[in-house]
*Asks:* 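Sharing a structure, written as structure tokens. Questions coming.
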Amino acid sequence: MARTALVTGFPGFIGRRLVRALLAEHDDLQVVALVEPRMAAAARELAQDRLEILEGDISERRLGLGGSDWERLTSDVTHVFHLAAIYDLAVPDDVAQRVNVDGTGNVLELCLAAERLERHVYVSTAYVAGRRHGVVYEHELVMGQDFKNHYESTKFQAEVWVRETLDHVPTTILRPAIVVGDSQTGETEKFDGPYYILRTIERMEGFGRAVAQFGASDSPFNVVPVDFVVRAITATAFLPAAEGQTLHLVDPDPLLTSDLVTTLSRAYVGRDPKGRVPPALVEASLRSKRVRQFFGGTPRESVAYLNHSVAFDTRRAVDLLGPLGLAPPRFDEYVDAMVGYFKANAARTG
């Protein structure tokens, strides 16, 4: 019998690549992309065989669907991939609650009603760890932590909800680090995270000055390329041993933030940073809207990730994905592709 996958978060950064991979790897799979109305036109431009664009809204009960569509999904769906979320670090609490928490609860309602469900893959984030320091393990979640922003706190709430359904819904929880472009081509639609550093280097180069070092020497900065994340999602969704597991999709040997800034500066302008600006001064400066705009919209909330000493254990991910040949490449193996794509698309990144 044919299988049907429901995907939220299409046609977003990860979602469109995931749909492409699912259709390429599984000839018997029909994919239904649940798309909010304002994105429906863009989604239909990417339509292909075995891909149905279904307008709905994860923030509404029954996903904003009519009775016939809801009944069809609960009857046919075998796999649910829940990617949709607000990823903005400066997102207001009410918006984050509605999309990240309520939206997840509404997707879980479908999972609980789905008669043929084989797997729910929930894409969380490594940063449900909040402000924790030291080593964070994959089985841990509620550890009394507080959070740097509403994005983190609502993704944490959502994962708590997902875990409460594990006895009734066959689930795999995946926690990516900061996701950057494709490791081979550098292609991305999301110029955040380390791209804010590239924007700073670009602007300083425009003034004929080297970028100053503003990364902590003892804080890992964890990034993974989108192609690795997509391969991990598609693999674990059909892997029996991944049911009930929580996996960190992170770089097991990340660069320290100071080394990351140096690596990006060398790749972009061929020289090391010069001097140092205290991170607190950077964060204070970004309170100015004019400064944020000058540096390409860099939110001050992003500075905390440059100076947060936390490491993510990956033993479960390594045990499950390693035998499949899945591991993230080293940052220095794809930094040139990342920087090259940024340079070629710098105008639209601003």
Side-chain angles (χ1 to χ4, degrees), residues 9 12-15 17-18 83 85-91 100 123-133 136 138 147-156 159 174-183 186-201 214-216 219-233 247-261 263-264 267 279 282 295-314 317 327-335 337-339 341-342 349:
F13 175 47
I14 300 175
R17 291 167 174 78
L18 174 61
L83 283 68
I86 297 290
Y87 293 95
D88 182 0
L89 299 182
V91 62
N100 295 351
V123 179
S124 181
T125 172
Y127 299 98
V128 293
R131 295 184 183 276
R132 291 184 59 192
H133 290 271
V136 174
E138 291 156 304
F147 302 95
K148 296 186 285 294
N149 49 62
H150 297 310
Y151 164 68
E152 289 186 351
S153 64
T154 54
K155 289 294 285 185
F156 166 84
E159 188 177 321
L174 301 176
R175 294 180 183 161
I178 298 168
V179 182
V180 297
D182 187 279
S183 65
E187 182 184 1
T188 184
E189 293 85 50
K190 276 175 81 267
F191 292 94
D192 55 10
Y195 296 96
Y196 294 137
I197 300 173
L198 285 177
R199 175 60 73 192
T200 301
I201 295 170
F214 52 89
S219 297
F221 192 89
N222 208 302
V223 298
V224 285
V226 66
D227 46 314
F228 163 70
V229 173
V230 169
R231 291 198 306 269
I233 294 172
L247 308 179
H248 279 147
L249 302 184
V250 303
D251 185 343
D253 187 25
L255 292 178
L256 299 178
T257 301
S258 55
D259 294 331
L260 179 86
V261 174
T263 300
L264 290 173
V282 176
F295 288 111
T298 302
R300 65 180 180 84
E301 290 84 358
S302 65
V303 178
Y305 293 87
L306 300 175
N307 301 280
H308 182 196
S309 183
V310 63
F312 302 104
D313 184 76
T314 59
R330 292 176 54 86
F331 186 76
D332 58 9
E333 295 174 348
Y334 61 89
V335 64
M338 176 182 167
V339 170
Y341 189 86
F342 177 85
T349 69

*Asks:* How long is the gap from CD1 on I86 to CG on N100, to the nearest 0.5 Å?
*Replies:*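 It is 6.5 Å, given to the nearest 0.5 Å.
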
*Asks:* Could you tell me whether F191 and F13 have their ring centroids closer than 6.0 angstrom?
*Replies:*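 No, ring centres 6.0 Å or more apart.
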
*Asks:* Can you measure from OG1 (T263) to CG (L256) and round to the nearest 0.5 angstrom?
*Replies:*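 Those atoms lie 10.0 Å apart.
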
*Asks:* Does any part of the side chain of T188, heavy atoms only, come nearer than 4.5 Å to the side chain of F342, both counted from C-beta?
*Replies:*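 No, every pair of side-chain atoms sits at 4.5 Å or beyond.
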
*Asks:* Would you give the length of the straight line joining atom OG of S258 to atom CG of L306, rounded to the nearest 0.5 angstrom?
*Replies:*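 Result: 10.5 Å between the selected atoms.
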
*Asks:* Measure the shortest side-chain to side-chain distance between P299 and Y196 over non-hydrogen atoms and say whether it is less than 4.5 angstrom.
*Replies:*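 The answer is yes; the side chains approach within 4.5 Å.
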
*Asks:* Establish, for the pair K155 and Y127, whether the NZ or CZ atom is under 6.0 angstrom from the six-membered ring centre and no further than 45 degrees off its axis.
*Replies:*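 Relative to the ring axis of Y127, which defines the angle, K155 lies outside at least one limit.
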
*Asks:* Looking only at non-hydrogen atoms, find the nearest pair between P220 and V310 and report the distance.
*Replies:*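 Closest pair (atom of P220, atom of V310, distance): CG-O, 3.5 Å.
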
*Asks:* At their closest point, which heavy atom of G181 faces which heavy atom of Y195, and how far apart are they?
*Replies:*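 Minimum heavy-atom separation between G181 and Y195: N-OH, 3.0 Å.
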
*Asks:* Tell me, with the steps shown, if D251 and V223 meet side chain to side chain contact (heavy atoms under 4.5 Å, CB included).
*Replies:* CA-CA 6 Å; D251 185 343; V223 298; 5.9 Å; no

*Asks:* So V123 and P176, do their side chains get closer than 4.5 Å, heavy atoms only?
*Replies:*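 The answer is yes; the side chains approach within 4.5 Å.
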
*Asks:* Under the criterion side chain to side chain contact (heavy atoms under 4.5 Å, CB included), I'd like the reasoning laid out for Y151 against T125: C-alpha separation, chi angles, the key distance, then a yes or no.
*Replies:* CA-CA 10 Å; Y151 164 68; T125 172; 3.4 Å; yes

*Asks:* Partners of F147 by ring-ring contact (aromatic ring centres under 6.0 Å, His included), sequence neighbours excluded?
*Replies:*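 Listed in chain order: F156.
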
*Asks:* Nearest 0.5 angstrom please: I178 CD1 to K190 NZ, how far?
*Replies:*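 The CD1 atom of I178 sits 8.5 Å away from the NZ atom of K190.
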
*Asks:* Run the ring-ring contact (aromatic ring centres under 6.0 Å, His included) test against Y334 and tell me which residues pass, sequence neighbours left out.
*Replies:*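 Checked Y334 against ring-ring contact (aromatic ring centres under 6.0 Å, His included); matches are F331.
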
*Asks:* Where do M338 and P194 come nearest, in terms of heavy atoms and distance?
*Replies:*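 M338 and P194 have their closest heavy atoms at CE-CG, 3.6 Å.
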
*Asks:* Could you walk me through whether N149 and Y305 pass the side chain to side chain contact (heavy atoms under 4.5 Å, CB included) check?
*Replies:* CA-CA 11 Å; N149 49 62; Y305 293 87; 3.0 Å; yes

*Asks:* Work out which heavy atom in A177 is nearest to a heavy atom in V224; give both atom names and the distance.
*Replies:*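 Here A177 and V224 meet closest at N-CG2, 4.2 Å.
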
*Asks:* Strictly distance-based, threshold 3.5 Å: is any side-chain N or O of H248 a donor or acceptor partner for the main-chain N or O of T314?
*Replies:*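 No; judged by distance alone, with no hydrogens or angles, the pair does not exist.
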
*Asks:* Should R17 and D227 count as an ion pair when the cut-off is N to O under 4.0 Å?
*Replies:*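 Between D227 and R17 there is no salt bridge, as every charged N stays at least 4.0 Å from the carboxylate O atoms.
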
*Asks:* Rounded to the nearest 0.5 Å, what separates atom CZ in R132 from atom NE2 in H308?
*Replies:*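 Output value for this atom pair is 9.0 Å.
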
*Asks:* State the CG-CG distance between L260 and N222, to the nearest 0.5 angstrom.
*Replies:*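 The CG atom of N222 is 10.5 Å from CG of L260, to the nearest 0.5 Å.
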
*Asks:* Quick check: do L89 and V91 have side-chain heavy atoms less than 4.5 Å from each other?
*Replies:*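 SC-SC contact between L89 and V91 ruled out.
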
*Asks:* Specify the closest pair of heavy atoms between L247 and E138, including all atoms of both residues, with the distance to one decimal.
*Replies:*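 Looks like CA-OE2, 3.5 Å.
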
*Asks:* Under a 4.5 Å cut-off applied to non-hydrogen side-chain atoms, are R330 and D253 in contact?
*Replies:*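 Yes. Closest side-chain heavy atoms under 4.5 Å.
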
*Asks:* Should L264 and V339 count as side-chain neighbours, where that means a heavy-atom distance under 4.5 Å?
*Replies:*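 In contact.
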
*Asks:* I need the minimum non-hydrogen distance between A304 and K148, along with the two atoms involved.
*Replies:*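 That would be CB-CD, 3.6 Å.
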
